[in-house]
Amino acid sequence: GAVVSQHPSRVICKSGTSVKIECRSLDFQATTMFWYRQFPKQSLMLMATSNEGSKATYEQGVEKDKFLINHASLTLSTLTVTSAHPEDSSFYICSAIQSGYGYTFGSGTRLTVV
Amino acid sequence: RKEVEQDPGPFNVPEGATVAFNCTYSNSASQSFFWYRQDCRKEPKLLMSVYSSGNEDGRFTAQLNRASQYISLLIRDSKLSDSATYLCVVNQAGTALIFGKGTTLSVSS
């Protein structure tokens, strides 16, 4: 089956620093990766869609200069939260599509900015 | 208007109860429909896809009404382990999944 490995699972960082979150497809090639954010008691909100080898497409209201997405290979997509602030504290999760298996999610990253 | 709307609950039911969740979606171009389950601080997991003809998986029955843009999930004989948040999800082929806010279910003994 399709597996997406996401890490770190939890990170605490100081305000103003940057945090990188990685998602790797372990046994398939993920040409497209979706990045979501979930605040407490809220739904998963799509932040951006990343396609291997091209620029990510960001949803309205998501700052592309703050949330840097890189999808340089078919098995790795990264999300970097730059100059993080407490309001960026959230649950970040990636998802990839594999033909025949549908959508597979990473296990999520809980970011706390202090 | 949000793309996918659900009653957030919570639904508090005793073991053995039958509970129904409803969901509406706004995009008539939506092609695929799902119910996901999310446990606290975990990633969502696919519970079942939803088809126009309705489909059943054990104690779970899902229904779709495209004309009304309405999706439902029925859980029979609730178990303690059914306690979770149930997410109504729609999408168009190849695009990102669009999630509802979720309905929280708490089953007690």
Side-chain angles (χ1 to χ4, degrees), chain A residues 1-11 21 23 30-52 56-62 69 71 77 89-112, chain B residues 1-11 21-27 29-51 55 57 62 71 73 83-106:
Chain A
V3 176
V4 173
S5 174
Q6 180 173 350
H7 69 90
S9 58
R10 185 176 296 185
V11 58
I21 301 169
C23 276
T31 54
T32 301
M33 192 79 78
F34 304 105
W35 287 94
Y36 293 85
R37 176 169 57 181
Q38 185 178 33
F39 292 108
K41 300 189 185 300
Q42 299 295 316
S43 61
L44 281 80
M45 296 300 298
L46 180 67
M47 298 176 67
T49 300
S50 77
N51 294 292
E52 185 268 337
T57 302
Y58 290 81
E59 295 299 301
Q60 190 174 11
V62 178
I69 290 174
H71 196 156
S77 179
S89 298
S90 187
F91 185 62
Y92 292 85
I93 191 164
C94 61
S95 174
I97 305 174
Q98 184 187 13
S99 178
Y101 287 92
Y103 294 80
T104 300
F105 285 85
S107 54
T109 298
R110 191 158 300 279
L111 170 64
T112 303
Chain B
R1 182 184 172 188
K2 293 182 179 175
E3 285 200 58
V4 180
E5 298 214 49
Q6 297 180 247
D7 179 348
F11 283 64
F21 303 141
N22 303 316
C23 165
T24 57
Y25 60 95
S26 60
N27 188 349
S30 299
Q31 298 170 305
S32 300
F33 310 89
F34 311 92
W35 283 101
Y36 274 73
R37 169 190 170 133
Q38 186 176 29
D39 293 285
C40 189
R41 296 173 177 265
K42 300 283 189 182
E43 75 274 22
K45 293 191 189 287
L46 179 65
L47 180 65
M48 59 196 304
S49 300
V50 188
Y51 305 110
N55 49 299
D57 183 1
I71 307 164
L73 176 68
S83 298
T85 297
Y86 290 83
L87 305 170
C88 180
V89 184
V90 306
N91 87 320
Q92 297 178 54
T95 65
L97 298 175
I98 306 300
F99 289 83
K101 195 174 176 178
T103 300
T104 300
L105 172 65
S106 178

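Below, chain A is the first sequence line, B the second, and so on; all start at residue 1.
- Outside the 6.0 Å centre-distance limit, the rings of Tyr36(B) and Tyr103(A) are not counted as a close aromatic pair.
- By the neighbour-count criterion of 12 heavy atoms within 6.0 Å, atom OH of Tyr51(B) is sparsely surrounded, having that number or fewer from other residues, nucleotides or ligands.
- Residue Pro8(B): no heavy atom, backbone or side chain, is found under 4.5 Å from chain A.
- For Leu87(B), the part lying near chain A is the side chain, with the backbone staying farther off; criterion is any non-hydrogen pair under 4.5 Å.
- Here Arg41(B) contributes atom CZ and Ser107(A) contributes atom OG; the two are 14.0 Å apart, rounded to the nearest 0.5 Å.
- Atoms CD and NZ, on Gln38(A) and Lys101(B) in that order, are 11.0 Å from each other to the nearest 0.5 Å.
- Looking at Ser95(A), there are no atoms closer than 4.5 Å to chain B (heavy atoms on both sides), in backbone or side chain.
- Top candidate by heavy-atom pairs under 4.5 Å with chain B, chosen from Thr49(A), Leu44(A), Thr104(A), Thr32(A), is Leu44(A).
- With a 4.5 angstrom heavy-atom cutoff, Leu46(A) touches chain B only via side-chain atoms.
- Contacts of Gln38(B) with chain A are made by side-chain atoms alone, with heavy-atom separations under 4.5 Å and no backbone atom involved.
- If you measure heavy-atom distances from Thr104(B) to chain A, you find no contacts under 4.5 Å at all.
- Closest approach of Ser43(A) and Gly100(B) over heavy atoms only: CB-O, 3.0 Å.
- Atom OG1 of residue Thr95(B) and atom CD1 of residue Ile97(A) lie 7.5 Å apart, to the nearest 0.5 angstrom.
- Atoms CD1 and NZ, on Ile93(A) and Lys42(B) in that order, are 11.0 Å from each other to the nearest 0.5 Å.
- No more than 12 heavy-atom neighbours from other residues, nucleotides or ligands sit within 6.0 angstrom of CE on Met45(A).
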